[in-house]
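The shown structure was predicted, so the numbers you read here are calculated from the model rather than taken from an experiment. Read the numbers this way: they start at 1 and go in the same order the structure lists the ligands and their atoms. FYI, the numbering just counts along the sequence from 1.
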Amino acid sequence: MSSLSSLSSSLSKPTVWHEFSPLASASGAVNLGQGFPNWDPPGFVKQALKDAVDVPGPAVNQYCRSQCHLPLATALADEYKARPSWSHLPIDPLTNIVSSVGCTQVMYCAFRSLLSPGDEVLLLEPAFDIYASQVKLCGGEPRFCSLTTDLSAPLTSNDVFKFDWEKLEAAITEKTRVLVLNTPHNPTGKMFSMPELSRIAEMVEAHPNLLVFSDEVYEHMVYDDASSPHISFATLPGMWDRTLTLSSAGKTFSTTGWKVGWGVGPEHIIKKMTDLQNWVCFSAPSVTQEAIARSLVRARQPYLEYSSFYAWLADDYRRKRAILTEHLASVGLTPISPQGGFFICADSSSITCPDSVYHEPSLSAPQPMPRDWALARHLTQTVKVAAIPPSPFYSPANVAEASHYLRFAFCKTDEELEEAGRRLREHLGAR
Ligand code: PMP
């Protein structure tokens, strides 16, 4: 286990986000790097916050319960129970739900309260870069198992990114305390299928000490619902008791800055997290929780010509996915079509990166600079379209697997997506 002081030097190092967001703005690039929507939240969500502030009395503008603002816990319990696959689960708003500052802090509270020194946490690479650092901060040891990639398969994220079951089975040991799942998946857009999740459930059953944290922040960005529905691991037989499901309002309601996140799970997990939260921040902000509680109720109702806000959201993102897919394909950045989430991983093998870029000073690149990193810098500075290199989503042993990919976000206005397409064709040439 690393001591906190030995960790602090690695924590103070700039990350890929510190490098590419400033580089994009200094270069005047269309920023398809960091994953936040560049538009306002929907009117009903903004109104919910304005209304929440005006609720008379102490219920909303003062501290709430440490566990979760009660109206949010109630709205979440109703929301999950309204889903057919969740309806049989015993979700009690008082004991099965915790909220915190974004999914990120929910995850931190979970690692901090459930890991003992030396416990291992298995991450499926590519993996959202915050997980491994949090595990280390909480005294655990991150272990990695990468998804395999098969570019001869149809170019959809579910077909290209697959499990190597033998490798996964070998990676789960008696020391593995947590397996982190993320579906829909950042950065690939893969949605874990029922056969895949069932196989993982068998492994969980074989290891009584193992818990699963399932990060589902992109749960409403699902594009091929009939063939690839969103499946929560907690709903598989026997898995409720072994699973913490995490999500947040940031992506769903275009409110990443509100940082309202939650965890749903059995009392033996939630109680440990809320006992900890009591001593960390005492409680998450009440007023944004109130606004999200109200928005969750509204979101299930008809919206524009759609059956719900969620149906509209998925359709709007499906349209944006089509725009960016076409632009990337037109210049030979071969898109691997995501089934969920709002990122496209593209195979960049046909694009040449000038040698000089590899020698540029970089705030955060590993040395020698990986190809995906250099190409992302080249696109940002010269083509003026920013993308994120996926190498920070891999541990050093597997980082070579990132070299021919770039991650592009399509949670951007149509105008920005069209402008990105124009710049890509102008600099890289249409194919
Ligand atoms: N999980 C994943 C997989 C993410 O991609 C992100 C944001 N990029 C988060 C969690 C962060 O969620 P929040 O903003 O609610 O903390």
Side-chain angles (χ1 to χ4, degrees), residues 15-18 20-21 31-38 41 45 68-69 72 76 97-112 121 123-135 137 142 147 157 161 178-192 212-222 230 232-233 244-264 273 277 280-281 284-285 288-289 291-292 295-296 317 338-345 386-390 392-394 407-412:
T15 67
V16 66
W17 315 110
H18 297 125
F20 278 88
S21 295
N31 192 351
L32 307 187
Q34 205 172 3
F36 59 88
N38 66 341
V45 177
C68 182
H69 180 55
L72 178 61
L76 284 168
I97 293 182
V98 56
S99 66
S100 197
V101 181
C103 170
T104 307
Q105 192 164 317
V106 179
M107 186 69 97
Y108 178 81
C109 287
F111 286 137
R112 191 73 192 89
V121 176
L123 305 176
L124 300 173
E125 293 185 314
F128 181 41
D129 61 340
I130 277 181
Y131 302 149
S133 296
Q134 287 197 347
V135 171
L137 269 174
L147 297 170
S157 57
F161 296 97
V178 178
L179 167 65
V180 178
L181 302 181
N182 170 212
T183 182
H185 183 248
N186 173 10
T188 66
K190 179 179 173 66
M191 314 246 336
F192 293 14
V212 168
F213 294 175
S214 182
D215 177 343
E216 303 181 7
V217 295
Y218 300 101
E219 62 190 324
H220 293 294
M221 280 123 214
V222 174
H230 172 60
S232 292
F233 187 74
L244 173 70
T245 303
L246 303 95
S247 192
S248 71
K251 324 287 177 189
T252 303
F253 295 119
S254 304
T255 52
T256 59
W258 293 15
K259 295 295 285 183
V260 177
W262 55 83
V264 183
M273 295 170 65
Q277 168 139 290
V280 175
C281 56
T288 42
Q289 293 187 67
I292 294 304
S295 301
L296 285 167
Y317 271 114
Q339 264 82 36
F342 51 45
F343 302 108
I344 298 180
C345 278
I388 287 293
F393 289 64
Y394 286 90
R407 190 196 81 169
F408 294 86
F410 56 96
C411 47
K412 304 295 164 186

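The side chain of Ser248, and not its backbone, has at least one atom closer than 4.0 Å to an atom of ligand 1 (non-hydrogen atoms only; side chain from C-beta on). At a heavy-atom cutoff of 4.0 Å, ligand 1 is contacted by the side chain of Lys259 but not by its backbone.
A ring-centre distance under 6.0 Å is not found for Tyr131 and Phe213.
An N or O contact shorter than 3.5 Å links Thr104 to ligand 1 by distance. Considering both main-chain and side-chain atoms, Phe128 never comes within under 3.5 Å of ligand 1 through any nitrogen or oxygen pair. For a threshold of 3.5 Å applied to N or O pairs, the pair formed by Asn182 and ligand 1 contains no separation below that value. Between Thr256 and ligand 1, a contact under 3.5 Å exists for no N or O pair.
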| query | Does the pair Tyr218 and Asn182 meet the rule for a side chain to side chain donor-acceptor pair (under 3.5 Å), with working shown? | reply | CA-CA 9 Å; Tyr218 300 101; Asn182 170 212; over 6 Å; no
| said: Please determine whether side chain to side chain donor-acceptor pair (under 3.5 Å) holds for the pair Ser99 and Gln289, giving the CA-CA distance in whole Å, both sets of side-chain angles, and the decisive distance to 0.1 Å. | reply: CA-CA 8 Å; Ser99 66; Gln289 293 187 67; 2.7 Å; yes
| task | List the steps and the verdict of side chain to side chain donor-acceptor pair (under 3.5 Å) for Ser232 and Glu216. | result | CA-CA 8 Å; Ser232 292; Glu216 303 181 7; 2.7 Å; yes
| field | Pair Ser100-Gln277, side chain to side chain donor-acceptor pair (under 3.5 Å): steps then yes or no | value | CA-CA 8 Å; Ser100 197; Gln277 168 139 290; 2.8 Å; yes
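Relative to the six-membered ring of Tyr317, Lys251 misses at least one condition, a distance below 6.0 Å or an angle of at most 45° to the axis.
Val45 places a side-chain heavy atom less than 4.5 Å from the side chain of Trp258.
A distance of 15.0 Å separates OH in Tyr108 from SG in Cys103, rounded to the nearest 0.5 Å. Here the CE-CZ distance, from Met107 to Phe128, works out to 8.5 Å after rounding to the nearest 0.5 Å.
Within the 4.0 Å heavy-atom shell around ligand 1 one does not find Trp262. Note on ligand 1: Lys251 sits in its first shell, one or more heavy atoms being nearer than 4.0 Å. Ligand 1 lies nowhere less than 4.0 angstrom from a heavy atom belonging to Phe36.
Counting only heavy atoms of the protein, atom 12 (O) of ligand 1 lies nearest to Cys103 CB, 3.6 Å.
Closest heavy-atom approach to atom 1 (N) of ligand 1 within the set Val180, Leu246, Asp215: this belongs to Asp215.
In the vicinity of Gly102, heavy-atom distances shorter than 4.0 Å reach the ligand 1 atoms 15 (O), 16 (O). Those atoms of ligand 1 with a heavy atom of Tyr131 less than 4.0 angstrom away are 3 (C).
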